[in-house]
2 protein chains.
Amino acid sequence: MQKEQMTKLIPFLKERGLRITPQRTLILQTILTLKGHPTVEDIHRQIPQISIATIYNNIKLFVSLRILKELPYGNGLSKYELANQPNHYHILCESCGDIFDFNYPTLTQIEHVARKLTQYQIFSHQMEVYGLCPTCQNETKVKEGD
Amino acid sequence: MQKEQMTKLIPFLKERGLRITPQRTLILQTILTLKGHPTVEDIHRQIPQISIATIYNNIKLFVSLRILKELPYGNGLSKYELANQPNHYHILCESCGDIFDFNYPTLTQIEHVARKLTQYQIFSHQMEVYGLCPTCQNETKVKEGD
DNA sequence: TTAACTGCAAATCCTTTGCAAAGGC
DNA sequence: GCCTTTGCAAAGGATTTGCAGTTAA
């Protein structure tokens with residue numbers, strides 16, 4: 001499965017004159033392994049032998065190539081996920097900053113409406129629901145009980 | 001209209017032991033005047049006599065009081081809007097970073113679904129459509145034509 | 001071979017903070 | 001008068017960049 005993702009990636013990069021370096025392979029494998037929505041720091045913690053500047057530079061490259069999506073929500077720290085994920089939206093905890101996926105049919109209609117109303121050329125859309133995760137709900141209750 | 005917003009705000013702040021300072025009034029008036037989705041820099045440009053640290057601190061306060069909403073999308077520079085706006089979603093230009101509102105009925109159902117699937121306590125949701133604004137579409141065409 | 005890439009260190013950008021002075025209430 | 005707030009300057013944290021050495025193709 002990870003191998004499949006990589007196999008698709010190689011010609012994609014080569015067509016653009018970009019190289020398959022061990023660093024690039026490792027960064028993508030690490031994101032695949034971590035599964036959730038890792039930060040640059042999360043990725044670097046897994047592969048500390050790779051310079052953090054290289055991780056930043058490649059993450060930026062992958063976002064511009066639409067291989068990754070940036071989730072810039074939590075407190076100035078961006079998180080990242082693979083772009084070719086099945087339909088889902090995000091729910092964020094306002095207390096701990098956790099991001100969780102939930103399945104929901106893609107709201108394709110909204111893109112059509114947006115195009116008609118704004119004359120933008122549309123690429124994609126994202127949705128975030130804000131709330132408190134179960135763990136942080138309990139912590140709030142404990143504090144109130146003091 | 002601006003006066004109305006301010007009149008509501010005064011008791012809201014006082015109840016919480018917070019003060020109505022000229023700086024706070026000016027920052028909110030400036031956001032009302034700018035209308036769109038100003039950055040801290042945009043606000044400071046309008047009222048340079050107020051220290052940028054004070055602007056940052058008060059914006060942060062207003063966000064925590066849910067008077068303002070933070071839009072953390074463009075390239076590490078947050079934009080802000082008043083929280084009590086009528087139903088709308090955002091469309092963002094991937095080239096120039098412009099944020100534009102478009103009207104669409106609030107997707108209340110998605111909050112219910114999210115709650116059931118995740119057990120989060122839900123506060124709100126936001127949606128962003130990504131694309132190219134008409135101006136940037138034209139610029140791309142011009143470049144391609146060279 | 002050579003153009004792209006890595007990694008270090010320095011620079012940059014945005015934001016927060018410590019603290020003394022000012023000022024709402 | 002008390003306690004919050006302001007504003008400066010310094011600190012902090014995340015990200016980008018310049019550049020010399022390295023390496024994929």
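The figures here come from the full heavy-atom set of this structure, side chains too, leaving out hydrogens, waters and symmetry mates. A note on names: the letters A, B, ... follow the listed sequences, proteins ahead of strands, and every chain is numbered from 1.
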Using a cut-off of under 3.5 Å, enumerate the N/O to N/O pairs linking the protein to nucleotides 13-15 of chain C.
residue	atom	partner	partner atom	Å
C/dT15	OP2	B/Tyr56	OH	2.3
C/dT15	O5'	B/Tyr56	OH	3.4

Measure the distance from CG on B/Leu61 to C1' on C/dT17 and round it to the nearest whole Å.
16 Å
For B/Arg115, all residues meeting salt bridge (charged side-chain N to carboxylate O under 4.0 Å, His left out), sequence neighbours excluded:
none
Go through the structure and list residues passing side-chain hydrogen bond (donor to acceptor under 3.5 Å, both in side chains) with B/Ser51, not counting sequence neighbours.
none
Got a sec, which hydrophobics cluster with B/Leu77, joining ILVMFWY side chains under 4.5 Å apart, including via others?
none
Base, sugar-phosphate, or nothing for A/Thr21, non-hydrogen atoms under 4.0 angstrom?
sugar-phosphate
So, using side-chain hydrogen bond (donor to acceptor under 3.5 Å, both in side chains) as the criterion, who are the partners of A/Tyr89 when residues are at least two apart?
A/His125
If you look only at pairs with a residue in residues 37-46 of chain B, which of them pass as a salt bridge (charged side-chain N to carboxylate O under 4.0 Å, His left out), with sequence neighbours excluded?
B/Glu41-B/Arg45, B/Asp42-B/Arg45
Separation of D/dC2 P from B/Leu18 CG (nearest whole Å):
21 Å
Any ring pair (Phe, Tyr, Trp, His ring centres under 6.0 Å) involving residues 94-116 of chain B? Give me the pairs, sequence neighbours left out, ordered by first then second residue.
none
Pairs involving residues 9-28 of chain B, ordered by first then second residue, that meet side chain to side chain donor-acceptor pair (under 3.5 Å) (sequence neighbours left out):
B/Arg24-B/Asn58
Phosphate OP1/OP2 of C/dG7 contacted by A/Gln23 side-chain N/O (<4.0 Å)
yes
Return the value, rounded to whole Å, for the distance between atom CG of A/Leu26 and atom P of C/dC5.
16 Å
Neighbour count >12 (heavy atoms, 6.0 Å) for atom CD, A/Gln49:
yes
Degree of bending, the helix from C/dT1-D/dA25 to C/dC25-D/dG1 (end axes from five pairs; round to 10°)
40°
Indicate every side-chain donor-acceptor pair of residues 61-74 of chain A with a distance under 3.5 Å to a residue at least two apart or in another chain.
residue	atom	partner	partner atom	Å
A/Ser64	OG	A/Leu61	O	2.7
A/Arg66	NH1	B/Glu94	OE1	3.3
A/Arg66	NH2	B/Glu94	OE1	2.9
A/Glu70	OE2	A/Ser78	OG	2.6
A/Tyr73	OH	A/Gln126	NE2	3.0
A/Tyr73	OH	A/Glu128	OE2	2.8

Could you tell me how far apart A/Ile50 (CD1) and D/dT22 (P) are, to the nearest whole angstrom?
18 Å
Could you list the residues that satisfy ring-ring contact (aromatic ring centres under 6.0 Å, His included) with B/His44, not counting sequence neighbours?
none
Starting from P on D/dA24, measure out to NZ on A/Lys14 and report it in whole angstrom.
12 Å
Whole angstroms only, please: what is the CD1-C1' distance between A/Ile43 and D/dT15?
14 Å
Starting at the 5' end of nucleotides 18-23 of chain C, put B wherever the base has a protein heavy atom under 4.0 Å, S where only the sugar-phosphate does, and a dash everywhere else.
-----B
Can you give me the closest heavy-atom contact between A/Cys136 and A/Cys93, atom names plus distance?
SG-SG, 3.8 Å
